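Values in this document were obtained by computation on a predicted structure and should not be read as measured data. First listed ligand is number 1; within each ligand, the first listed atom is number 1.
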Amino acid sequence: MYQALQKIIDNSSRIVFFGGAGVSTESGIPDFRSVDGLYNQKFDVPPEVILSHTYFMEHTAEFFRFYREKMLALWAKPNAAHRKLAELEAAGRLAAVVTQNVDGLHQAAGSRNVFELHGSVHRNYCRNCGKAYPVQKIAESADVPRCDCGGVIKPDVVLYEEPLDNDVMSGAVRAIANADTLIVSGTSLTVYPAAGLLRYFGGDHLVLINRDETPADQYADLVIHGKAGEVLDTIRV
Ligand code: OAD
């Protein structure tokens, strides 16, 4: 069905996939900015504020109430997009996945080289002693999750006002700079510095697969307005 996409894939050997929340909507996790997205629901305090470092420090219990309800989707399963990307990597065609998502669904589908720009709900550390905790600890705590030492356990998720991890960022830059094809999907490309990573791409084909238009459509060699899972599912590896 998507012959132009298949042709590009067939002629690529170092594909990098750059994705966002739209990659997981077909798994049942709402994105942030669509009409049914997280940011369009009504909250007393805007989610961008709740998901900030200041709010985490000053309203820790409220942060975790929101986080447990809206950010943890431990029931979600990888969809066709996650699965096809893992398949492309296993076949030696895809070099890396760069994602803004924190849900861990790429790894759950079998992807190995994943740069999680905004961290992961699956890593959690005590702010006091650094002890690591599984996500279940956060999910099961009634209030503020606390370490055996008494310290607050913080998810390794990048909050507003927090910097991105240097190693993750430079790994993502390297992967994108070395890619022959960059597939951008499921992201509104409005959040920086993540969205700025596209500038490092100097390869042959920029492909955009997104439900709605993005600011990068005009630069792409191929734009498909559709659902990531449905479109990627048609690719023959
Ligand atoms: P957004 O919610 O801003 O954008 C999601 C994009 O995915 C929109 O352009 C949708 O049209 C598109 N979309 C939705 N479902 C889709 C599907 N099935 N197939 C293809 N496209 C689909 O999400 P992000 O760009 O990921 O940051 O947002 C970036 C960051 O903003 C997030 O990582 C998060 C948020 O604040 C942090 O939490 C730090």
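- Across all non-hydrogen atoms, the minimal contact from E48 to Y160 is O-CD1, 3.6 Å.
- Ring pair F63/Y67 is parallel by interplanar angle, where below 30° counts as parallel and above 60° as perpendicular.
- Across N210 and G186, no two heavy atoms sit closer than the pair OD1-N, 2.7 Å.
- One N or O on the side chain of Q100 and one on the backbone of G19 form a donor-acceptor pair closer than 3.5 Å.
- Of the listed residues (I15, N113, T181, V16), just one forms a side-chain contact (heavy atoms from CB on, under 4.5 Å) with L94, and that residue is I15.
- Within 4.0 Å of ligand 1, the residues that place a heavy atom are G20, A21, G22, T25, E26, D31, F32, R33, S34, Y39, Q100, H118, V158, Y160, G186, T187, S188, V191, N210, R211, D212, G226, K227, A228, listed by chain and number.
- In the displayed structure, K154 atom NZ is contacted under 6.0 Å by more than 12 heavy atoms of other residues, nucleotides or ligands.
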